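Reckoned from all heavy atoms, side chains included, excluding hydrogens, waters and symmetry mates. Bear in mind the structure is a predicted one, so any value in this text is a computation, not a measurement. Here is how names work: the chains are called A, B, and so on, in the same order as the sequence lines, proteins then strands, and each is numbered from 1.
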Protein chains: 2
Amino acid sequence: MTASAPQRETPTSPARKRAHSGKARRNDAHEIGLDALVGHAGYAVRRFQIWIFQDFVKTLASVDIKPTQYSVMTVIGANPGLTQMAVANRLGIERARLVHLLDSLERRKLVKRVKSKSDRRSHALHLTAPGETALAKFKRLAAEHERHVEDKIGKGNREKLLEILGGFT
Amino acid sequence: MTASAPQRETPTSPARKRAHSGKARRNDAHEIGLDALVGHAGYAVRRFQIWIFQDFVKTLASVDIKPTQYSVMTVIGANPGLTQMAVANRLGIERARLVHLLDSLERRKLVKRVKSKSDRRSHALHLTAPGETALAKFKRLAAEHERHVEDKIGKGNREKLLEILGGFT
DNA sequence: AGCAATTGTTGTCGTCAACAACAATCTTTC
DNA sequence: GAAAGATTGTTGTTGACGACAACAATTGCT
C-alpha cells in the first residue's frame with residue numbers, strides 16, 4: 001500500500017485548477033483530463049457500446065425493435081425449434097428475462113411457442129409467417145445501422161473490430 | 001449464406017434414452033448458428049463489454065470498486081476541484097446519478113464535497129488523503145485487469161481497439 | 001429588481017442482470 | 001417402478017442504471 005509520497009499522481013500540474021471566476025464553462029467537457037481513464041479498454045468499449053446501442057434503437061425505431069429482441073428473433077429464425085433454454089444460453093441472457101422478451105414478441109405475433117412433443121416441459125420456438133417477413137425488414141434496417149457504424153469508425157476499422165471481438169459471439 | 005439449422009432436439013423418438021454413457025451433452029450452446037448476428041458490431045461489442053465489465057469487477061472485488069466508481073475517482077483525482085456537473089458531463093452520466101455515486105464514495109471517505117466559494121450552488125470535488133492512496137491501489141488493480149484484456153484478445157489487438165475507439169472517450 | 005438559467009438533490013419510471021422459489025416434467029438411481 | 005434429483009418455464013424480488021421531472025438555493029442577465 002504504500003506510499004505516502006505519491007509518485008505520479010497528478011501529472012496535470014497544480015495550475016490545473018480551472019479558473020472558475022469568470023464565465024469560462026460552456027463545453028469544456030472535453031477539456032477535462034481523463035488521466036488514466038484513457039488507455040482503459042473497458043471505458044472506451046462502454047462509451048462505444050452506448051453509442052452503438054442508441055444508433056441501433058434509433059435506426060430501428062420505426063419498427064420498435066431493440067437489440068435484444070432483434071438477437072432473439074435472429075437466432076430463432078436461423079434455428080427454428082430451439083427451446084427457451086437453448087436460446088437463453090446461446091445469447092447469454094437469463095432464461096427468466098427471455099420469458100418476458102418472448103411474451104412481448106408473441107403478443108406481437110412475431111414468434112410462437114409450440115409445445116414440444118418430446119419434452120413436455122419445453123417449448124419449441126418458431127417465427128410466425130408475419131414474423132419471418134418482419135425479420136427480413138429488421139435485417140435491412142440493421143444493415144443500415146451497420147453502415148452508420150462504418151461511417152463512424154471507418155469501414156476497415158469496423159471489420160478489424162469484428163475480427164478482434166469475433167471470439168465473443 | 002447461412003445454412004439452415006441442423007440443430008434439433010431428439011427428433012421424436014418414442015424411447016429416447018441416451019443410448020450411450022451417461023454424461024449428457026452439456027452445453028451445445030455454441031453449436032447453434034447465429035446467422036446474421038455474426039457480423040453485427042453491436043452484438044460483438046455488447047458481449048465483449050459484458051466480459052470486460054465482469055473481469056473488472058472481479059479483479060477489483062477486494063477493494064469493492066466498480067467501473068463507474070473508478071472512473072469518477074480517476075477524473076476527480078486528475079482534476080481536483082471539479083463540480084459535479086463537470087464530472088457528470090465528462091463521463092456522460094446523469095448528474096442525478098452522480099449524486100448517489102458521490103454519496104457512496106463520500107461515506108467511504110474516499111472523496112469529499114467542498115462548498116465552493118465562488119459559486120455557492122456547487123461543490124468542488126476532491127479526493128481525501130486516504131482516497132488518494134486508495135486510488136493508487138485501484139489503478140494497480142485496474143492495470144492488472146487491463147493485462148487480462150491483453151491475455152484475452154492479444155496485446156496488439158487491445159491497442160488497435162483503443163485506437164479505433166479512441167474518439168469515444 | 002425581476003426573470004431565466006444553473007446546480008445539487010430527490011423522486012419516479014422503465015430497462016436490465018442476478019437470484020430465489022415454484023410447479024410441471026424428465027432423468028437417474030436404487 | 002417409485003423415490004430422489006435435475007431441468008424447463010414461470011413469477012417475483014432485488015439492485016444497478018439511464019432518462020426525466022420537479023424543486024430549493026443561488027447565479028446570471030437585462
*A:R95 has a side chain; which of C:dT9, D:dT8, D:dT11 sits nearest to it?*
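Within the option list, the nearest is D:dT8.
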
Protein-nucleotide distance ([X], atom [atom1]; [N], atom [atom2]), rounded to Å:
| X | N | atom1 | atom2 | answer |
| --- | --- | --- | --- | --- |
| B:H100 | D:dA16 | NE2 | C1' | 11 Å |
| B:Q84 | D:dT26 | CD | C1' | 15 Å |
| B:L102 | C:dT10 | CG | C1' | 15 Å |
| A:K58 | D:dA19 | NZ | C1' | 15 Å |
| A:I65 | C:dT15 | CD1 | P | 14 Å |
| A:L98 | D:dT11 | CG | C1' | 15 Å |
| A:M85 | D:dT10 | CE | P | 13 Å |
| B:L91 | D:dC17 | CG | C1' | 15 Å |

Anything under 3.5 Å between a donor and an acceptor, one on a side chain of residues 48-63 of chain A, the other on a protein residue two or more places apart or in another chain? List them.
{"from": "A:D55", "atom 1": "OD1", "to": "A:H148", "atom 2": "ND1", "distance (Å)": "3.1"}
{"from": "A:D55", "atom 1": "OD2", "to": "A:T59", "atom 2": "OG1", "distance (Å)": "3.3"}
{"from": "A:D55", "atom 1": "OD2", "to": "A:H145", "atom 2": "ND1", "distance (Å)": "2.7"}
{"from": "A:D55", "atom 1": "OD2", "to": "A:H148", "atom 2": "ND1", "distance (Å)": "2.9"}
{"from": "A:T59", "atom 1": "OG1", "to": "A:D55", "atom 2": "O", "distance (Å)": "2.7"}
{"from": "A:T59", "atom 1": "OG1", "to": "A:H148", "atom 2": "ND1", "distance (Å)": "3.4"}

_Once you apply a heavy-atom cut-off of 4.0 Å, does B:R120 come out as touching a base, just sugar-phosphate, or nothing?_
sugar-phosphate

What are the atom names and distances for every N/O pair under 3.5 Å that joins the protein to nucleotides 16-19 of chain C?
{"from": "C:dC16", "atom 1": "OP2", "to": "A:R97", "atom 2": "NH2", "distance (Å)": "2.6"}
{"from": "C:dC16", "atom 1": "O5'", "to": "A:R97", "atom 2": "NH2", "distance (Å)": "3.2"}
{"from": "C:dA17", "atom 1": "OP2", "to": "A:R97", "atom 2": "NE", "distance (Å)": "2.9"}
{"from": "C:dA18", "atom 1": "OP1", "to": "B:Q54", "atom 2": "NE2", "distance (Å)": "3.3"}

*Does any N or O donor sit under 3.5 Å from an N or O acceptor when you compare the side chain of B:R121 with the base of C:dT6?*
yes

Give a yes or no on whether the backbone of [Y] and the side-chain of [X] come within a donor-acceptor separation of less than 3.5 Å.
| X | Y | result |
| --- | --- | --- |
| B:T83 | B:H123 | no |
| A:E146 | B:A41 | yes |
| A:E106 | A:R113 | yes |

_Interatomic distance, A:L102 atom CG to A:R95 atom CZ [nearest 0.5 angstrom]_ =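 Spacing of CG (A:L102) from CZ (A:R95) equals 13.5 Å.
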
*From A:I153 atom CD1 to A:R158 atom CZ, the distance as rounded to the nearest 0.5 Å*: 8.0 Å

*Along DNA chain C (nearest heavy atom to each residue), the more 5'-positioned of B:A124 and A:D119*: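 Of the two residues, B:A124 wins.
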
*asked:* OP1 or OP2 of D:dT10 versus the side-chain N and O atoms of A:R113: is any pair under 4.0 Å?
replied: yes

*Check the pair A:I93 / A:L101 against side chain to side chain contact (heavy atoms under 4.5 Å, CB included), numbers first and verdict last.*
CA-CA 10 Å; A:I93 58 188; A:L101 288 169; 3.9 Å; yes

